[in-house]
Amino acid sequence: MSTSVGFLSTISPSACPLHERHSGAAPSGRLIWPRVSCHGNGDARQPPPSSLLMDRRDVLIALGGLTGGAAAAGKMALAAPVMPPDLGKCHYAHSSVCENLKCCPPYTSATPLRVRRAAHLVINDHEYMEKYREAVKKMKELPDNHPWNFYQQARIHCAYCNDAYDQVDFPTVPVQVHYSWLFLPWHRYYLHFYERILGKLIDDDTFTLPFWNFDSDDGMTMPEIFTADTSSPLYNANRDTSHYTPAILDYKYSYGNTAGSGETGKALVLANLCYMKKTFKQSLPLAELFMGDPLRAGEKADSTNGFGQLESIHNAIHMWVGTPECPHIDMGDFSTAGKDSIFFSLHANVDRLWHIYRMFCGNKVEFTDTDWLDSTFIFYDENEKKKEKNVGIQVRDCLKPDKLRYTYEEVPIPWMNVNCRKTTETEEKTKTELSLVRVEPFGSDPRELSKTALRVMVPRPKKSRSKTEKEEKVEVLLIKGISVDTEGPARFDVYISKPYGDLAGPDYGDFAGTFVRLPHKGMKGKERKGSLKLGITSLLEDLEAEDAEKLVVTLLPRMGEFTIGGVGIELLQTDNPRLL
Ligand code: C2O
């Protein structure tokens, strides 16, 4: 087992660009980004990768073009606060009184670092699997009203996701941990306590939840630890069993709409990897594109703001696991999702992807806004104490997994190196020119989106932006005033293409992102409007559309009915200028 304690600490922010390779695509699964440290805490034992495996820019960066590279060599000061030393690494002190002075106190780490492992890799570790089953069994056997009881734990998710609490001082505003920047931190804490409770039940303080490595070739099926044995405490009968192995997960899944990615087998795996890569690449310049918009006290989630693209992918996976028939229990509905053990593995990987995102960004705090950092949650911990404000349960205290004493096993990240430059979504020009149609602007009134695609011509604030301009501001496509005209599940996908004057071909162009919502009672109608923000700077480069004054934006309804308030393009200040 590879227990990589320094998981990803060896990835440099300079490695973020997710550049396409134009020749000699790396073999899938091979990590070829410069393995240098983000903040000088990298593993010095790692040799630099062969320069043959990197493109020129990566080589320059690895040689120290950016701070990450320089820091790894330990040669240059960093513009960052001083961090505490690694207590496990003590060498002789310098003293004129005696030589070979060892003055570090004996180091014992109070809490062991728990290493979460990939679900498809733990299946043959019988000792671990025995423990996991035993822990969940014990959790299920606890008295119904015990806060650690399996179903009580599942209810926590329901309570925070289905409007069971109101915000303090705002009696009409429910507490909601989806659809905003609270999504990732809240679920991180939820898993953290859940994991510790399971460990406590089997008296093992190293116990971890496995992560569903759905962003890797081998992890793109439903993990068999949850499906193979119907008598296992990890089994749940409320699923779409047609999606059991060998069915391949489709990030573009929606109920009753088999189109999905339009691919099967290996091509579907590749489509998912490219989707993941695109999600990272487009959202690296601005955290909210990945993690969700701000949500402050008194604001209703899903009222004016939107969720990040990681949450969208996660929503589609919820649907893919849950029963295809209404009411889509258990995983397809937030009120029941926690009753399926697979939930915690899905979320462990979502959490891992957040961790990767953060590493790509040099461990930068995603939002320095105290309305995020001070947001506070309450959970029961494994000692049955109620954790409250100021006892380590604010967003600011969960930003680094090792602070919560867990990490992730190092596994390959195949989407980093996958070559996706031209996808099948983009047809050749000659084909599309044969049947050009006029595309009108959105107009000033809201428009319906139900059965057919809505195509609009959207002006860009600026064309032919320079590299410096792109580093300063990210181009963002905004779909505003989205109301879902149903309480059921809903999804539409967004495509962008380059017009020919005011004309567009039948091809929708390249996939830019998606809006996916699970069923949600009370979320129907005009007063609950959301928005969708998609970073398109890198997409326009891929489309070779940087010189276009306008873009054709296509909203493709997949499930449910919508009213759309408007579509626009804005330039937003990036918070990661170096990452384009
Ligand atoms: Cu709270 Cu996967 O959802």
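Counting convention: from 1, in listed order, for ligands and their atoms alike.
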Under 3.5 Å side-chain donor-acceptor pair for D351 and N349: no

Of all the N, O or S atoms in H318, which has the shortest distance to atom 2 (Cu) of ligand 1? NE2

So what does the H347 NE2 - atom 2 (Cu) of ligand 1 - H314 NE2 angle come to, to 10°? 100°

Quick one: does NZ or CZ of K137 land under 6.0 Å from the six-membered ring centre of Y132, within 45 degrees of the ring axis? no

Tell me whether R117 forms a cation-pi arrangement with Y128, defined as NZ or CZ under 6.0 Å from the six-membered ring centre and within 45 degrees of its axis. yes

Of all the N, O or S atoms in H187, the one nearest to atom 1 (Cu) of ligand 1 is NE2

Indicate the atoms forming the closest heavy-atom contact of H347 with H318, along with that distance. NE2-NE2, 3.7 Å

Which N/O/S atom belongs to H157 and is the closest one to atom 1 (Cu) of ligand 1? NE2

Check whether any N, O or S atom of H178, backbone or side chain, sits closer than 2.8 Å to atom 1 (Cu) of ligand 1. yes

Approximate separation, where rounding is to 0.5 Å, of N213 CG and S345 OG: 10.5 Å

